[in-house]
Amino acid sequence: MEMTLSQSTDSSNETSARLTPTLEIRLMAALAGDQQAYALFLRECLPYLRARATKLVDSNMRDDLVQETLIAIHKVKHTYDNSCPVRPWLAGIMRFKAKEAWRKAKNRHAFISLDDDSIALIDAQYPNANNADAQDAEIINLAELTAQLNAHLKPESAQALIATKIKGHSVEATAKTMGRTPSWVKVTVHRAIKTLRNELMEALK
Amino acid sequence: MNHSNESHSTRNTDTLITNLAQQASHSSTFNARAILWSALLIIFIPLLGMIMAALGYRSDWPMTALAKPALFFLLALCCVFQLIQLAKPIGTINSKALFLLPLAFGCFLLLFLAPPLTWSEAFEFKTYNFCFAWISGFGLIIYFGLRFILHRARPAMPHIFGALLGFFSATLVASFYAMHCPQDSALYIVTAYLPALTLVSIVSGLFPHKKWFW
């Protein structure tokens with residue numbers, strides 16, 4: 001048993017010793033334009049990044065952080081110094097992204113994550129919620145939504161908000177439809193969101 | 001439910017990796033050390049040397065006249081070492097930079113050997129405005145030049161990196177200008193040179209390169 005354990009430890013050490021140079025070589029190949037090596041590099045980084053992310057953020061945010069880090073790696077890969085090991089470089093990028101995510105969450109004033117019970121409740125209420133067409137038909141009842149928004153906002157503000165944020169129209173298109181300027185639409189939508197947020201905050205107190 | 005979320009997220013990560021890999025193309029590595037030293041040795045130091053030669057160097061060279069440019073040169077050197085580190089996403093403190101700081105402080109202490117000035121004399125010295133304008137003006141020009149040259153840097157703290165690059169540009173100008181300026185008093189350094197260095201650092205800290213944000 002002891003022998004088996006020792007052999008297994010040796011083999012794991014060998015694997016980790018082999019892993020880093022492979023990562024470095026793959027990253028250098030990726031910088032030379034090798035797409036296959038780049039994909040392999042990113043995939044081989046994943047277990048390490050996931051392990052690091054678990055230490056930095058909650059489990060429900062872990063995959064978001066890993067994905068943000070992968071995008072950041074793509075943006076800054078040219079700064080990699082091939083005389084240094086890859087892992088501290090990856091860890092530094094992830095730490096930076098974790099701090100950025102924390103700052104963004106802090107700036108949003110409140111970050112409410114849904115617990116399992118809430119998710120189950122939503123699933124029960126909207127069984128087809130993952131289907132985009134069903135989502136359009138069932139969840140977004142525009143008439144009802146407009147009526148609800150009109151209770152809190154001016155009708156024009158509600159109209160601008162629905163057009164840009166629910167229907168997904170551009171600011172320019174909305175401005176044209178409403179006979180207003182794009183700046184007016186931007187300001188109105190911004191104020192409408194602020195009003196709704198304030199009312200929500202008041203209600204949560 | 002959790003398992004379903006996890007598999008969905010794994011699928012997203014796989015798609016992301018595939019997309020990122022498709023965008024991979026040949027890109028040269030960014031070597032801040034080589035770029036910064038080349039820019040300094042080939043462009044900025046010869047340029048400043050020529051400009052200062054046209055302006056004229058001072059005629060007398062007591063020990064304090066040597067300590068003044070040495071102070072700014074050592075500060076500039078500190079900044080170079082630190083900038084090389086901070087240009088990367090995992091910027092750390094450079095030990096060489098820390099080693100040079102006491103030497104710069106020593107040069108500053110030597111300036112107390114120069115004939116002392118009062119506060120009003122320091123502010124009313126004939127070249128005060130010229131010193132301030134020269135260092136801040138050329139400091140900003142060099143900052144914007146270096147900002148362009150280092151556009152591929154990806155610092156973790158772009159504003160700090162910008163401020164340090166600005167401080168470096170101003171100390172580089174000051175180290176040359178100090179060979180022209182006849183006033184060596186430590187108080188004059190504090191009243192004329194320090195505000196110029198601070199101004200350049202603040203302005204450059206406020207205007208980092210857009211590409212430094214990643």
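Residue numbers begin at 1 in each chain, while the letters A, B, ... track the order of the sequences. When reading the values below, keep in mind they use all heavy atoms of this one structure, side chains included, and skip hydrogens, waters and symmetry mates.
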Between A:K97, A:R95, A:R43, the one whose heavy-atom pairs under 4.5 Å with chain B are most numerous = A:R43
Show your reasoning for whether side-chain contact (heavy atoms from CB on, under 4.5 Å) applies to B:M179 and B:W61.
-> CA-CA 9 Å; B:M179 291 188 265; B:W61 288 93; 3.7 Å; yes
Specify the closest pair of heavy atoms between A:T54 and A:R62, including all atoms of both residues, with the distance to one decimal.
-> OG1-CD, 3.4 Å
Okay, A:A39 and chain B: the region with an atom under 4.5 Å from a heavy atom over there is both
Please flag which part of A:I73 lies under 4.5 Å from any non-hydrogen atom of chain B: side chain, backbone, both or neither.
-> neither
Neighbours of chain A found in residues 134-162 of chain B - heavy atoms under 4.5 Å = B:R152, B:R154, B:A156
Pick one of side chain, backbone, both or neither for A:K99, based on which atoms fall under 4.5 Å of a heavy atom in chain B.
-> neither
Backbone of B:F130 reached by a side-chain donor or acceptor of B:T127 within 3.5 Å = no
Cation-pi between B:K68 and B:Y188: NZ/CZ under 6.0 Å from ring centre and within 45° of the ring axis?
-> no
Would you say B:L165 and B:S204 make side-chain contact, with heavy atoms under 4.5 Å?
-> no
Tell me, for A:F96 versus chain B, whether the close heavy atoms (under 4.5 Å) come from the side chain, the backbone, both or neither.
-> side chain
Answer with side chain, backbone, both or neither: which region of B:T29 has an atom nearer than 4.5 Å to a non-hydrogen atom of chain A?
-> both
Please report the C-alpha distance between B:R58 and B:D184 in whole Å, then the side-chain angles of each, then the deciding distance to 0.1 Å, and finally whether the salt bridge (Lys or Arg N to Asp or Glu O under 4.0 Å) criterion is met.
-> CA-CA 11 Å; B:R58 63 189 287 173; B:D184 299 332; 2.7 Å; yes
Of all heavy-atom pairs linking A:P88 and A:P85, the shortest is CD-O, 3.6 Å
A:H78 (side chain) donor-acceptor with B:S28 (main chain) under 3.5 angstrom | no
Minimum heavy-atom distance B:C181-B:Y193, with the two atoms named | CB-OH, 3.1 Å
